[in-house]
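Owing to the predicted nature of the structure, the values given are computational and were not obtained by experimental measurement. Each chain gets a letter, A, B and so on, in the order the sequences are listed, and its residues count up from 1.
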Protein chains: 2
Amino acid sequence: MRAEPAGSSCVERKTKQRDAIKEVMLHTARPLGPQEILDAAAGSVPNLGIATVYRAIKELLAEGFLSKVEMPGEPARYERADLKHHHHFHCRSCGKVYDIAGCPGNLANAAPKGFKVESHELLLFGVCDRCDK
Amino acid sequence: MRAEPAGSSCVERKTKQRDAIKEVMLHTARPLGPQEILDAAAGSVPNLGIATVYRAIKELLAEGFLSKVEMPGEPARYERADLKHHHHFHCRSCGKVYDIAGCPGNLANAAPKGFKVESHELLLFGVCDRCDK
DNA sequence: ATAGATGCAAAGGGTTTGCACTTGA
DNA sequence: TCAAGTGCAAACCCTTTGCATCTAT
C-alpha cells in the first residue's frame with residue numbers, strides 16, 4: 001500500500017518546466033503574456049513548448065499563484081496574485097502594461113440597484129513616463 | 001464630368017447590408033458582438049456574411065459611429081459612440097454586458113507622476129438584477 | 001461602366017486538445 | 001511502476017484577407 005489515500009491520485013508534480021515558469025513570474029516587474037513567459041523560460045528549459053506554458057498558467061491560476069490581466073484587444077497577461085489590489089496602465093507608445101497603485105474604491109455603488117458588484121478592473125490608457133520624453 | 005471632386009474616388013456606398021447593421025446598432029440596448037450583429041441583421045439581409053459585418057464595424061468605428069467595448073476573455077462588442085461617457089457591467093451569470101451610468105472620474109491622478117492618462121475603462125463584474133433573483 | 005461592396009473560403013494569430021513519449025514520485 | 005507532465009501537431013475560435021461576383025452610382 002502507498003502513502004496516498006485512496007482516490008487521491010491527482011498530485012501535482014514538481015518539474016523543471018513549471019519551476020522555470022514560476023521563477024519567471026516571481027521575478028517579472030510587469031504582467032507577462034504566454035509567449036513572453038515562454039521566451040523567458042526557454043533559457044532554462046530549451047525545448048519548452050507553448051502548450052506547457054498554457055497548461056502551467058491554467059494551474060497556477062487555479063491554485064491562486066497567478067492572476068490574469070487583460071487589456072482590450074491583446075492576449076491576456078499574467079502576474080503574481082499576491083500583489084496587493086491595484087490596476088493597470090497601458091502605454092499606447094511602447095505597448096507595455098504597468099501596475100498602478102491606486103484604486104478609486106467604493107465601486108459597489110457604481111452599478112444600478114439590484115446589481116451585485118463582485119470585482120472590478122480599471123484600465124488606464126495613455127503614455128508612460130519614459131515614452132513621454 | 002462628375003459631381004465628385006477629382007481624386008475623391010473613395011466614397012462609401014449606401015448598401016442594404018450596412019443599413020441593416022447600422023439599424024441594429026441604433027436599436028440595441030446593450031453592446032453587441034459581431035456574431036450577435038450578424039444574427040440580428042440576418043433577418044433583413046439573408047445572406048449577410050460575417051466578413052461584411054467585420055468590415056462594416058471597422059468602417060463605423062473609423063467614422064466614429066461605433067465604439068468598441070471589450071471585456072476580458074471575450075470577443076469585442078460594439079455600441080454607438082454617441083452615448084455619454086459610461087462604463088460596463090458584466091454579469092457572470094447570464095454573460096450579458098450592461099451599460100453603467102456612473103464614472104468614478106478624476107482618474108488623471110491615478111497614474112504615477114509622468115504618466116499621461118488619456119482615457120480609461122472601468123469594468124464591473126458580478127451578478128445582474130435579473131440573475132440575482 | 002467601374003470602383004467599391006459582398007460572400008465565400010482560405011489564411012492568420014492565439015489558445016486548447018489529442019496522443020504517444022518522458023519523467024517524477 | 002505508472003499516472004502526471006511534456007512536446008508536437010492538429011483542432012478551434014475569432015478575425016482578417018484574397019478573389020470572383022455583384023451593385024450603387
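Counting non-hydrogen atoms under 4.0 angstrom, A:A56 reaches nothing in the nucleic acid. Among the protein residues, B:I50 comes within range of no part of the nucleic acid, since none of its heavy atoms lies under 4.0 Å from any strand.
If you measure from atom CD1 of A:I37 to atom P of C:dG14, you get 14 Å, rounded to the nearest angstrom. For the pair A:L48 CG and D:dG5 P, the computed distance is 15 Å after rounding to whole Å. For A:E12 and D:dA3, the CD to P distance is 18 Å, given to the nearest whole Å. Following rounding to the nearest Å, B:K22 (NZ) and C:dA5 (P) show an atom-to-atom distance of 13 Å. Distance, A:M71 CE to C:dG14 C1': 18 Å, rounded to whole Å. As a whole-Å value, the separation of B:K16 NZ from D:dA24 C1' is 10 Å. Atoms CD1 (B:I57) and P (C:dA5) sit 16 Å apart, rounded to a whole Å.
Distances shown here put a side-chain N or O of A:Q17 below 4.0 Å from the OP1 or OP2 atom of D:dG7. Under 4.0 angstrom from either OP1 or OP2 of C:dT17 there lies at least one side-chain N or O belonging to A:K58. Considering only side-chain N and O atoms, A:R13 lies nowhere under 4.0 angstrom from the phosphate OP1 or OP2 of C:dT23. Under 4.0 angstrom from either OP1 or OP2 of D:dC8 there lies at least one side-chain N or O belonging to A:N47.
Salt bridge A:E118/B:R92: present, at least one basic N to carboxylate O contact under 4.0 Å.
Cluster membership for B:L83 and B:L60, using ILVMFWY side-chain heavy atoms within less than 4.5 angstrom, is not shared.
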Residue pair B:H120, B:H85: steps toward the ring-ring contact (aromatic ring centres under 6.0 Å, His included) verdict: CA-CA 10 Å; B:H120 66 270; B:H85 181 71; 4.9 Å; yes
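Among all heavy-atom pairs drawn from A:H86 and A:K84, the shortest one is ND1-O, 2.7 Å.
Side chain B:R55 to base C:dG4: no donor-acceptor pair is found below 3.5 Å. Looking at A:R18, its side chain has no donor and acceptor atom pair within 3.5 Å of the base of C:dG24.
Residue B:T15 places its side chain closer to C:dA5 than to any other of C:dG18, C:dA5, C:dG7. Comparing C:dA25, D:dT25, D:dT17 against the side chain of A:K14 picks out C:dA25 as the nearest.
Summarising the local packing, CZ of B:R130 is surrounded by 12 or fewer heavy atoms from other residues, nucleotides or ligands at distances under 6.0 Å.
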